[in-house]
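Worksheet for the structure shown next.
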Amino acid sequence: MKDNRQNSNKTTSFIEPRRVLVTGGAGFLGSHLCRELVARGAEVICMDNFFTGHKRNIQDLHTHPDFELIRHDIVNPIFLEVDQIYNLACPASPVHYQYNPVKTIKTSVMGTINMLGLAKRVKARMLQASTSEVYGDPQVHPQPEDYWGHVNPVGVRSCYDEGKRCAETLCFDYYRQNQVEIKVARIFNTYGPNMDLNDGRVISNFVTQALEGKPLTIYGDGNQTRSFCYIDDMVQGLIKFMETPADITGPLNLGNPEEITILTLAQKIIELSESNSQIEHQAPPPDDPARRQPEIELARSVLHWQPRVSLEMGLEKTIAYFSNLLAPYS
Ligand code: NAD
Ligand code: UDP
């Protein structure tokens, strides 16, 4: 990957103190974000209903004087005094968001209305965790922000895809109608430590299967592609985006453009974890996008951001994390 030393992703402290609300803060992405925000000197309120998140993800932060945890479901309104809101609350794994699809839509639609309403009342800025799923099964490759997508509105993924698309609409309507400062980040597949063992997403599945010597379950022929971004890069991108001037709203893609087939990913994980696991093909899930790769020129130019961690480096760290987690069971 090109090394551009001007485009540094490195951590810096905030100049002014900030009160920051992170919804979904006990989840995979949210827990890393809370930790980084606290490290930069922010006062962080982590809000979660613990549907897929866990207290253990933020265990080290519980005693920090600038960290507070609130058990709350964003589908219900709440009043808090904050300067910034990162709205991350929503299950992200297809297994979890399809478990209770109506709840998934409520979280994206009613939850986002509640958070935008809060942002409006207290004049906070809000970053919405949108997704590459707004592009559906894309017919344009790689996906730029001005591509409107190819989404099945009535399929099993629609509760998530259409919920997130509606959340984007809400952000822009609150921006136009109520002058709420918004940042719409379209996050592409992100992975790393703190992913749940039973999350159901491909990297956590493959890594645990490889470490346990079980077959790696490839859905379909494995020729479908994804582009995986390591968590540390994503957190830096999200914070950089939040700190941009008010007229920068997005939508903005954040992800690693290194595209890989699911079959090659499985082989790489077997190799890196020195596993004897075999590969087992299973039926493909409905509406599984065939290809996905972010176009990140906007993030490069506006945020001076680009991913730093190669897939190999990120996978090594992730394998080490899961290996540690599984150690008591082996
Ligand atoms: P995650 O499932 O690990 O975290 C989601 C968190 O939100 C969990 O802690 C969960 O308990 C909480 N939550 C869910 N519904 C809630 C509700 N109604 N009220 C309060 N809390 C609720 O998923 P993640 O990977 O950390 O994803 C975080 C956000 O980023 C999500 O909005 C997701 O759509 C978005 N995103 C993630 C990825 C990715 O690859 N990780 C890609 C695209 C978008
Ligand atoms: N996948 C797979 N085996 C698994 C889990 C997922 O082959 O055990 C595939 C899935 O069908 C998809 C890709 O891996 O093509 C990424 O799936 P994931 O659920 O991680 O995220 P998505 O990008 O589909 O939301």
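Every number for a ligand or one of its atoms is a count from 1 in the order of the listing.
- What sits closest to atom 38 (C) of ligand 1 on the protein, heavy atoms only, is Ile187 CG2, 3.9 Å.
- Closest to atom 11 (O) of ligand 1, if we only count protein heavy atoms, is Asp48 OD1, 2.6 Å.
- Residue Asn189 approaches ligand 1 through these ligand atoms, each under 4.0 Å from one of its heavy atoms: 40 (O).
- Residue-ligand proximity, Thr107 to ligand 1, at heavy-atom distances under 4.0 Å covers atoms 15 (N), 18 (N).
- Scanning all protein heavy atoms for the shortest distance to atom 40 (O) of ligand 1 gives Thr190 N, 2.8 Å.
- Nearest protein neighbour of atom 37 (C) of ligand 1, counting heavy atoms only, is Leu29 CD1, 3.7 Å.
- Atoms of ligand 1 lying under 4.0 Å from at least one heavy atom of Gly27, given by number and element, are 3 (O), 4 (O), 8 (C), 9 (O).
- Remark: ligand 1 and Thr52 share an N or O pair separated by less than 3.5 Å (distance only, no angle test).
- Relative orientation of the Tyr135 and Phe188 rings is tilted, given thresholds of 30° and 60° on the angle between their planes.
- Between Asp60 and Arg35, at least one side-chain N (NZ, or NE/NH1/NH2) sits under 4.0 Å from a carboxylate O, which counts as a salt bridge.
- In terms of polar-atom proximity, defined here as any N/O pair under 3.5 Å, Ile74 does make such a contact with ligand 1.
- Proximity to Gly24 (heavy-atom distance under 4.0 Å) selects the following atoms of ligand 1: 6 (C), 7 (O), 9 (O), 12 (C).
- Inspection of the His54 and Asp196 side chains reveals an N or O donor paired with an N or O acceptor under 3.5 Å.
- At a threshold of 4.0 Å, the pair Lys268-Glu271 does not count as salt-bridged, since none of the basic side-chain nitrogens sits closer than that to a carboxylate oxygen.
- With His72, Met110, Lys106, His32 as candidates, the residue nearest to atom 20 (C) of ligand 1 on a non-hydrogen basis is His72.
- For ligand 2, residues of the protein lying within 4.0 angstrom by heavy-atom distance are Pro94, Glu133, Arg157, Asn189, Gly200, Arg201, Val202, Asn205, Phe206, Thr217, Ile218, Tyr219, Gln224, Arg226, Ile262, Pro285, Asp288, Arg292.
- Checking Tyr160, Phe28, Tyr97 against atom 36 (N) of ligand 1, the nearest heavy atom belongs to Tyr160.
- A salt bridge does not link Lys55 to Asp48: none of the charged nitrogens lies less than 4.0 Å from a carboxylate oxygen.
- Regarding atom 5 (C) of ligand 1, its nearest protein heavy-atom neighbour is Cys90 O, 3.2 Å.
- Across the listed options Asp196, Leu88, Asn194, Leu88 owns the non-hydrogen atom lying nearest to atom 29 (C) of ligand 1.
- Between Arg165 and Glu162 there is a salt bridge, since a side-chain N of the basic residue sits under 4.0 Å from a carboxylate O of the acidic one.
- Between Tyr191 and Tyr230, the ring-plane angle classifies as perpendicular under the 30° and 60° cut-offs.
- The nearest heavy-atom contact from the protein to atom 39 (C) of ligand 1 is Arg201 NH1, 3.3 Å.
- Proximity of Arg186 to ligand 1 is not established, as no heavy-atom distance is less than 4.0 Å.
- Side-chain N or O atoms of Asn114 include one that pairs as donor or acceptor with a backbone N or O of Ile74 at under 3.5 Å.
- A salt bridge links Glu243 with Arg18: at least one charged nitrogen is closer than 4.0 Å to a carboxylate oxygen.
- The protein atom (non-hydrogen) at minimum distance from atom 23 (O) of ligand 1 is Ala92 CB, 3.5 Å.
- Not a single heavy atom of Gly111 sits closer than 4.0 Å to an atom of ligand 1.
- Looking at Arg40 and Glu36, a side-chain N of the basic residue comes within less than 4.0 Å of a carboxylate O on the acidic one, giving a salt bridge.
- Those atoms of ligand 1 that come under 4.0 Å of a heavy atom in Phe50, given as number and element, are 11 (O).
- One option in Val75, Leu33, Asn49 has a heavy atom closer to atom 13 (N) of ligand 1 than any other, and that option is Asn49.
- Compare Met234, Lys164, Glu133 by their heavy atoms: the one nearest to atom 32 (O) of ligand 1 is in Lys164.
- A salt bridge links Glu133 with Arg292: at least one charged nitrogen is closer than 4.0 Å to a carboxylate oxygen.
- Every N/O-N/O distance between Ser130 and ligand 1 stays at or above 3.5 Å.
- Taking every non-hydrogen atom of Gly53 and a distance limit under 4.0 Å, the qualifying atoms of ligand 1 come out as 8 (C), 9 (O), 10 (C), 11 (O).
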